[in-house]
J.: 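Dropping the structure in here first, questions after.
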Amino acid sequence: MTECVFCMIANGTIPATIVWEDEHVVAFRDLHPQAPVHVLIIPRRHYSGMEDEVPAEAHAALCAAAPAVARATGVAESGYRLIVNTGPDAGQTVAHLHVHLLGGAPMSEGMVTLA
Ligand code: 5GP
Ligand code: ZN
């Protein structure tokens with residue numbers, strides 16, 4: 001997907017502040033952070049989102065990356081929240097599967113905010 005912004009970040013065509021990566025996954029700072037630590041964890045391979053027949057191995061790679069990203073960004077002890085927006089009601093704006101890792105300050109207890 002050459003026109004996908006996250007594919008371009010994964011293959012180095014456009015810059016991002018990469019905080020962690022491995023063979024399957026890249027993690028980089030969100031352009032518009034909503035917490036002191038706001039990182040996007042993406043598979044190198046393009047999937048449009050959770051509804052795109054993502055193989056279990058790709059999900060496993062994303063979840064396995066989260067604690068490593070948390071350690072790399074200093075929030076492993078203080079805690080963090082993982083969010084995957086899926087589709088219009090959830091406000092997904094980039095059609096490349098991504099997990100938000102948010103931390104660095106206390107967050108509200110509720111997870112759901114209706115528009
Ligand atoms: P979504 O709303 O789809 O769950 O999240 C997309 C996220 O990607 C947003 O938080 C947005 O700030 C971030 N984002 C969009 N374009 C770019 C970009 O070019 N670089 C980076 N680092 N983040 C981006
Ligand atoms: Zn993509």
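Just follow the structure's listing: the first ligand is 1, and inside any ligand the first atom is 1. The figures here come from the full heavy-atom set of this structure, side chains too, leaving out hydrogens, waters and symmetry mates. Fair warning: this is a prediction, and the values are worked out from it, not measured in the lab.
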J.: For atom 15 (C) of ligand 1, what is the closest protein heavy atom, and at what distance to 0.1 Å?
T.: Val94 CG2, 4.0 Å

J.: Side chain, backbone, both or neither: which part of Arg29 has a heavy atom under 4.0 Å from ligand 1?
T.: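 Backbone only; the side chain of Arg29 stays clear of ligand 1.
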
J.: Given SG of Cys4 on one side and SG of Cys7 on the other, what angle do they make at the Zn ion (ligand 2), to 10°?
T.: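 Centred on the Zn ion (ligand 2), the SG/SG angle is 120° (to 10°).
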
J.: Considering all heavy atoms of both residues, which atom of Ile42 and which atom of Ala10 are nearest to each other, and what is their separation?
T.: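 Taking every non-hydrogen atom into account, CD1-CB, 4.1 Å.
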
J.: Backbone or side chain, does any N or O of Val5 fall under 3.5 Å from an N or O of ligand 1?
T.: no

J.: Check whether any side-chain heavy atom of Leu97 sits under 4.5 Å from a side-chain heavy atom of Met50, and report yes or no.
T.: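 Yes; the side chains approach each other to less than 4.5 Å.
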
J.: Specify side chain, backbone, both or neither for Ile9, according to which of its non-hydrogen atoms lie closer than 4.0 Å to ligand 1.
T.: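 Near ligand 1, Ile9 shows its side chain, while the N, CA, C and O stay back.
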
J.: Of all the non-hydrogen atoms in the protein, which one sits nearest to atom 16 (N) of ligand 1, and at what distance?
T.: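 Looking only at protein heavy atoms, the one closest to atom 16 (N) of ligand 1 is Phe6 CE1, 4.3 Å.
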
J.: Quick one: CD on Gln34 to CZ on Arg81, what's the gap to the nearest 0.5 Å?
T.: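 Gln34 CD to Arg81 CZ: 12.0 Å, rounded to 0.5 Å.
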
J.: Specify which N/O/S atom of His46 comes nearest to the Zn ion (ligand 2), by atom name.
T.: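 Of all N, O or S atoms belonging to His46, ND1 is the one nearest the Zn ion (ligand 2).
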
J.: To check your reading of the model: name the closest protein heavy atom to atom 1 (P) of ligand 1, its residue, and the distance in Å.
T.: His98 NE2, 3.1 Å

J.: Rounded to the nearest 0.5 Å, what's the gap from CG on Leu40 to CZ on Phe28? Could you check?
T.: 4.5 Å

J.: Give the numbers and elements of all ligand 1 atoms closer than 4.0 Å to a heavy atom of Asn85.
T.: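 Result: 1 (P), 2 (O), 4 (O).
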
J.: Between atom OG1 of Thr73 and atom CZ of Arg29, what is the distance when rounded to the nearest 0.5 Å?
T.: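 Here the interatomic distance stands at 6.0 Å.
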
J.: Under 6.0 Å between the ring centres of His100 and His98?
T.: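 Between His98 and His100, which both carry aromatic rings, the centre distance is below 6.0 Å.
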
J.: Are Leu62 and Val94 connected in the hydrophobic side-chain network, where two residues link if heavy atoms are under 4.5 Å apart?
T.: no

J.: Under 3.5 Å, is there a donor-acceptor pair between the side chain of Glu57 and the main chain of His59?
T.: no

J.: Can an N or O of Asp30 be found at a distance shorter than 3.5 Å from an N or O of ligand 1?
T.: yes

J.: Between Thr93 and ligand 1, which residue portion shows a heavy-atom distance shorter than 4.0 Å: side chain, backbone, both, or neither?
T.: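 For Thr93, the contact with ligand 1 is made by both the backbone and the side chain.
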
J.: What are the two closest non-hydrogen atoms of Tyr47 and Asp52, and how far apart are they?
T.: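 Scanning both residues completely, I find the closest heavy atoms to be CA-OD2, 3.2 Å.
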
J.: Just to be sure I'm reading this right: ignoring hydrogens, which of Ile42, Val99, Leu31 gets closest to atom 17 (C) of ligand 1? Compare them by their nearest heavy atoms.
T.: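 Checking each option, the heavy atom nearest atom 17 (C) of ligand 1 is found in Leu31.
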
J.: Considering only NZ, NE, NH1 and NH2 on the basic side and carboxylate oxygens on the acidic side, decide whether Glu21 and Arg44 come within less than 4.0 Å.
T.: yes

J.: Quick one: report the N, O or S atom of His96 that is nearest to the Zn ion (ligand 2).
T.: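 Nearest N/O/S atom: ND1.
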
J.: Check each atom of ligand 1 against the heavy atoms of Gln92 and keep those under 4.0 Å away; list them by number with element.
T.: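 Counting atoms of ligand 1 from 1, those under 4.0 Å from Gln92 are 3 (O).
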
J.: Between Thr17 and ligand 1, find which residue part has any heavy-atom pair under 4.0 Å and reply side chain, backbone, both or neither.
T.: neither

J.: With nothing but distance in play, are any N or O atoms of His100 less than 3.5 Å from an N or O of ligand 1?
T.: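 So ligand 1 has an N or O lying under 3.5 Å from an N or O of His100.
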
J.: May I ask you to list the residues sharing a hydrophobic cluster with Leu102, side-chain cutoff 4.5 Å, ordered by chain and number?
T.: Ile83, Met107

J.: Hey, is Gly91 one of the residues with a heavy atom under 4.0 angstrom from ligand 1?
T.: yes

